[in-house]
2 protein chains.
Amino acid sequence: MATTKDGTGTAGTPERRVVTDKVPTIRDVAELAGVATSTVSRALSKPDRVNRYTRERIEEAAAQLNYVPSSQARGLSSGRTNAVAVLVPDITNPFYFDIIRGTQHQLKAGGYTQLLVDTEESSEMELEALHKMRRSADGFILAASRLTDAQLAEVSETQPLVTINRASTSAPSVVIDTPSAVIQALEHLASLGHHRVCYVSGPPTSWSNRMRWKVFEEESAQRGMEAHRIGPFTPKTTSGAAAADAAVRTGATACIVFNDLLAIGMLQRLRERGIRVPEDISIIGSDDIFGADFCNPPLTTIASPIEQAGRVAVSMLLSQLNPVPGRASRQLAVMPTHLTIRASTGPAPL
Amino acid sequence: MATTKDGTGTAGTPERRVVTDKVPTIRDVAELAGVATSTVSRALSKPDRVNRYTRERIEEAAAQLNYVPSSQARGLSSGRTNAVAVLVPDITNPFYFDIIRGTQHQLKAGGYTQLLVDTEESSEMELEALHKMRRSADGFILAASRLTDAQLAEVSETQPLVTINRASTSAPSVVIDTPSAVIQALEHLASLGHHRVCYVSGPPTSWSNRMRWKVFEEESAQRGMEAHRIGPFTPKTTSGAAAADAAVRTGATACIVFNDLLAIGMLQRLRERGIRVPEDISIIGSDDIFGADFCNPPLTTIASPIEQAGRVAVSMLLSQLNPVPGRASRQLAVMPTHLTIRASTGPAPL
DNA sequence: CAACTTTTGGCAATCGCTTGCCGCAACGTT
DNA sequence: AACGTTGCGGCAAGCGATTGCCAAAAGTTG
């Protein structure tokens, strides 16, 4: 700050031309450069609309005054805010941290500001945010939206949005390749000799939860495995105890768990109860969140490039906001998954 | 801007007054309520400036139109943006997640929007953000600022800000009670019979890192312990391996580590090398981040209410932004700490 | 060289809201 | 009864940019 430069002469009190508490506006720049404000505006946002020489003069003036355009004013007159709201169901959950990291990164790269909102797993709050921020965001990224298809369709009618982990016909989405992931996991368990498997369910409003169970059910049937299902559980470590107990009661020798958080909670409970993982029961989590590699035992999990999902979602949104005439924007991105095998899975007990 | 307005009656297709794609402005509300826009504005932001009856009529009209004021326009004319920027050195780090969660929560409660920025551990980026967002945020929360005292003083001159984990005479701050924390930790180690202790240092630009070492050094001297120091290390799990190796080489029987991330990384490396924790070496982390309780072994750590720190920081900032005449706003908040003893510390080896 | 097209920059109208100032009523006060 | 007070609402001037429209200047063309 306090850039003490004074370009021209400014004879007078030397040194004191800068700062002076008042922030410079486009008019100050225009004055200094000897042009109209409209020209400054153009020079700064549509560079080829003005003569190169003029532009340079303006840029110099702007730099000299340390000018930063007011996003407020800009937004008001242009209708764009250069901000994108990212809605997540639970900031507490490390899974979303990765998404946030991805979106943050990509938004910054595109010159956008990220408005982070926690919807607390509630579709009402989600709708409310969508409504209230309508004016202050150019678009929305909905991570694991809790909205119904109808709501989603309606909302996407009026505002640009991209969903993550929630397929939808009405809005572009980034999804994880669940089927393939679950199949890989079951394959892994089958090869270890497991026959009785259990799906530990997450929030019923979660689309990905429903998807996982669907594939789990079909695929285990196809392999002649006995499929159980317990839940729903809140996807937090604290629900792990209940989940673990329920899982044990089913008699299953292996579980595929809605997410790592829950899986880690189960791990803790099982250890408390003296049930050995993986000797007595195998656990597979999902998401490969921070911590999955150093919990005890390290968790076998369905890994996916979550951060990248955030990035891709942003790109899709931005290309929707600033369409390139020729190219249609992508409507669906499927992120690949792979099974990261660690120590929480092992041969089925005899 | 294609504003299609026609004020008066618009008798014609009945019923079609609502929605019609165009978002309602304050003028629409005023018209519907039969008052001037200024009255609407007041009714909505300074309720007792207008007659109760009038206000109700306006509120009703607003509700009917589904009116949401434009934060852009509001900001432009009022000079306030109702947004606060939260600057963190590294969104990757779970420690900051807790802060973000805290600030998010409190900001929402106060009707503010959170603008999240990752400064990537760089003081330049921090300054740049501070500068660029000057107009778009009413205030700043600097978590673990990397600025020098002088820079901080200068910046806080022009914009309201609160620092977290960084004491400063120029700006209100929320800090962790480091001395007490380190003393507790050393006390714990002493009682377990440790004599050779090592401080595993984090980023040299981190104020809390410097503080911790200072207290560590003084206090261990006072107890006649042999104090080593290694580092600096990047505070990430990946640096843990180097840190672990260096720590072992010092011959210390216990380490206090700059943060949990690094400590967890060390735990992994030690385990790889077959060095037992806590039998061969004890490890104490700091922050009690997500994962500290379920890593292997669970980490003894200096815990502090981080999320609350975020909340407190926001309260301090907001009370600075909207001062209550009578009450001076707090300049310093010290968050208490306590040692959470888990399984990574034990008696010194013989 | 006249007629046209392109570039380039200025004018001024907005964008949607806030707020200082003013005026009108309805109420007390002496 | 004349004169403050107060309470309440309207007028209109901005806030700081963007942008449609226009005119002058510069470049092209036959």
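Predicted model only: the values in this text are computed from it and were never measured. Numbered from 1 within each chain, the chains take letters A, B, ... in sequence-line order.
Using a 4.0 Å heavy-atom criterion, one finds that A:Ser71 contacts no nucleic acid atom at all. At the heavy-atom level, B:Ser78 lies under 4.0 Å from the strands shown only through sugar-phosphate atoms. Using a 4.0 Å heavy-atom cutoff across all strands shown, B:Val35 reaches sugar-phosphate atoms only and no base atom. Using a 4.0 Å heavy-atom criterion, one finds that A:Ser38 contacts the bases of the nucleic acid, with or without backbone contacts as well. Using a 4.0 Å heavy-atom distance criterion, A:Arg135 is classed as a sugar-phosphate-only contact. Looking at heavy-atom distances under 4.0 Å, A:Tyr53 makes no contact with the nucleic acid at all. Among the protein residues, B:Ala36 comes within range of the sugar-phosphate backbone only, with heavy atoms under 4.0 Å from sugar or phosphate atoms but none that close to a base.
Scanning atom types as modelled, no donor and acceptor separated by under 3.5 angstrom connect the side chain of A:Arg55 and the base of C:dG9. You'll find a donor-acceptor pair under 3.5 Å spanning the side chain of B:Arg42 and the base of C:dG20, going by distance alone.
Atom-to-atom, CG of B:Leu44 to P of D:dC8 comes out at 17 Å; the value is rounded to the nearest Å. One atom, CG of B:Leu65, and another, P of C:dC17, lie 12 Å apart when rounded to the nearest Å. As rounded to whole Å, 17 Å separates atom C1' of D:dG14 from atom CZ of B:Arg74. Following rounding to the nearest Å, B:Glu56 (CD) and D:dC8 (P) show an atom-to-atom distance of 13 Å. When rounded to the nearest whole Å, the span between CD1 of B:Ile26 and P of D:dG9 equals 14 Å. Between the C1' atom of D:dG14 and the CG atom of B:Leu76 lies a distance of 9 Å, rounded to the nearest Å. The distance between atom CG of A:Asn51 and atom P of D:dA25, rounded to the nearest whole Å, is 15 Å. Spacing between atom NZ of A:Lys46 and atom P of D:dT18 amounts to 7 Å, rounded to whole angstrom units.
With values rounded to the nearest 0.5 angstrom, B:Leu115 atom CG is found 10.0 Å from A:Gln114 atom CD. The distance from atom CG of B:Leu147 to atom CG of B:Leu130, rounded to the nearest 0.5 Å, is 6.5 Å. Summarising the geometry, atom NZ belonging to A:Lys108 is positioned 3.0 Å from atom CE belonging to B:Met125; distances are rounded to the nearest 0.5 Å.
A salt bridge does not link B:Arg27 with B:Glu31: none of the charged nitrogens is closer than 4.0 Å to a carboxylate oxygen.
When the side-chain nitrogen and oxygen atoms of A:Arg80 are compared with OP1 and OP2 of D:dT19, one or more of them lie within a distance under 4.0 Å. Here A:Thr54 reaches the OP1 or OP2 of C:dG9: one of its side-chain N or O atoms lies under 4.0 Å away.
Among the nucleotides C:dC15, D:dT19, D:dC8, the one closest to any side-chain atom of B:Arg27 is C:dC15. Out of C:dC17, C:dT8, D:dT18, the shortest distance to the side chain of B:Tyr67 is found at C:dC17. Relative to the side chain of A:Thr39, the nucleotides D:dG10, C:dG10, D:dC8 differ in distance, and C:dG10 lies closest. Distance from the side chain of A:Ser70 is smallest for D:dG16 among the nucleotides D:dG20, C:dG16, D:dG16.
Each of B:Val68 and A:Thr37 was assigned the nucleotide of DNA chain C with the nearest heavy atom; the assignment lying further toward the 5' end belongs to A:Thr37.
In terms of heavy-atom proximity, A:Gly110 sits nearest to A:Leu318 at CA-CD1, 4.3 Å. Summarising the geometry of B:Ala43 relative to B:Ile58, their closest heavy-atom pair is CB-CD1, 3.7 Å, with the distance given to 0.1 Å.
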